[in-house]
Amino acid sequence: MTKKHLFHVRRRTLLAIAGCVWLLAGFNVARLGLLSYGAMDAIRWVHPMLSFVVFAMFGFMFFKMSLKHTRRICGYAEPTRPFWHFFDLKAYCIMAFMMGGGIWLRSSGLVSGVFIAVFYTGLDCALALAGVLFWVMFFRFHKDTQKCISSQPSET
């Protein structure tokens, strides 16, 4: 392996890396949300319902994003790419903005612990869903032909 290809991995491995990153993000956000739920005096029925609404909104967004990145990864002409190519520049910027915004929001004191509990618990499920989808695509990747197996009908 030349130095040029030192950090290169196969496309299938990019899907696994993306799955790990999104699952790790989901578990970390879940931890923060569950800690906030645990600190609440009383959990009303509306709180889990609002968490579900947050999950539905972000889940749809992350589902579409996962499919987009899977298509991009599978569309690479080269058999290997640098391991950081599981995201494109726009996705890295969005992730940095979301992480920075979340850290700032929690530390600013502008929102209550109830908001953090509800929002983060819904967001963590959406992040984890994206991670699971990348892992599903990893396992559906055809090892012999090095091609992705799409769950969507082919365009003719």
Side-chain angles (χ1 to χ4, degrees), residues 6-76 80-143 148-152:
L6 181 64
F7 297 108
H8 280 224
V9 297
R10 295 190 180 279
R11 292 180 303 230
R12 184 172 190 249
T13 305
L14 288 174
L15 295 171
I17 292 170
C20 288
V21 167
W22 285 101
L23 281 173
L24 184 65
F27 289 135
N28 189 45
V29 172
R31 183 183 61 80
L32 296 170
L34 293 175
L35 287 172
S36 294
Y37 259 121
M40 291 171 54
D41 292 332
I43 299 174
R44 294 182 175 78
W45 66 269
V46 72
H47 298 135
M49 295 298 292
L50 290 172
S51 288
F52 180 78
V53 169
V54 171
F55 163 72
M57 291 182 338
F58 280 97
F60 180 72
M61 181 179 79
F62 289 144
F63 180 80
K64 286 177 51 178
M65 179 269 327
S66 297
L67 293 178
K68 178 186 134 199
H69 285 293
T70 297
R71 281 191 300 273
R72 180 182 51 78
I73 289 168
C74 293
Y76 287 143
T80 63
R81 295 293 289 227
F83 72 87
W84 56 84
H85 281 196
F86 69 93
F87 270 170
D88 58 9
L89 180 61
K90 181 181 173 184
Y92 278 113
C93 290
I94 290 170
M95 184 171 259
F97 176 78
M98 288 180 68
M99 288 173 61
I103 292 167
W104 173 79
L105 199 58
R106 283 191 330 275
S107 64
S108 71
L110 292 176
V111 295
S112 68
V114 173
F115 176 84
I116 297 296
V118 166
F119 186 77
Y120 274 44
T121 304
L123 181 63
D124 80 316
C125 292
L127 289 166
L129 174 67
V132 167
L133 183 59
F134 278 115
W135 275 104
V136 166
M137 297 314 286
F138 168 83
F139 286 112
R140 294 186 70 189
F141 192 92
H142 196 275
K143 296 176 190 175
C148 292
I149 300 171
S150 175
S151 61
Q152 299 179 359

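Just so it is clear, the model here is predicted, and its values are computed rather than measured. Just the heavy atoms: all of them, side chains too, but no hydrogens, waters or symmetry mates, feed the values below.
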What distance separates [X] [atom1] from [Y] [atom2], expressed to the nearest 0.5 Å?
X     : Y     : atom1 : atom2 : answer
Ser66 : Leu15 : OG    : CG    : 10.5 Å
Leu67 : Phe62 : CG    : CZ    : 13.5 Å
Met65 : Met95 : CE    : CE    : 7.5 Å
Asn28 : Leu23 : CG    : CG    : 12.5 Å

Just say parallel, tilted or perpendicular for the rings of [X] and [Y], cut-offs at 30° and 60°.
X      : Y      : value
Phe119 : Phe58  : perpendicular
Phe87  : Trp22  : perpendicular
Trp135 : Phe138 : perpendicular
Tyr92  : Phe86  : perpendicular

[X] side chain to [Y] side chain, donor-acceptor N/O pair below 3.5 angstrom:
X      : Y     : result
Tyr37  : Ser51 : yes
Tyr120 : Arg31 : no
Arg72  : His69 : yes

Checking Leu89 against Cys93 for the side-chain contact (heavy atoms from CB on, under 4.5 Å) test, could you report, in this order, the C-alpha distance in whole Å, the side-chain angles of both residues, the deciding distance, and whether it holds?
CA-CA 6 Å; Leu89 180 61; Cys93 290; 4.2 Å; yes

Only one of Val118, Val114, Ile116 passes side chain to side chain contact (heavy atoms under 4.5 Å, CB included) with Ser36; say which it is.
Ile116

Check step by step if side-chain contact (heavy atoms from CB on, under 4.5 Å) holds for Leu133 and Phe63.
CA-CA 8 Å; Leu133 183 59; Phe63 180 80; 3.7 Å; yes

Quick one: does any side-chain atom of Ser107 pair with a main-chain N or O of Ile103 as donor and acceptor, under 3.5 Å?
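Looks like yes, one N/O pair under 3.5 Å.
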
Got Phe139 and Arg12 here, is their nearest side-chain heavy-atom distance under 4.5 Å?
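Phe139 vs Arg12: side chains touch.
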
Within the 4.5 Å heavy-atom criterion, are Arg10 and Arg81 side-chain neighbours or not?
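No - every pair of side-chain heavy atoms lies 4.5 Å or more apart.
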
Considering all heavy atoms, the nearest Leu14-Tyr76 contact:
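It is CD1-CE1, 3.9 Å.
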
Do other residues, nucleotides or ligands put more than 12 heavy atoms under 6.0 Å from the CE atom of Met99?
no

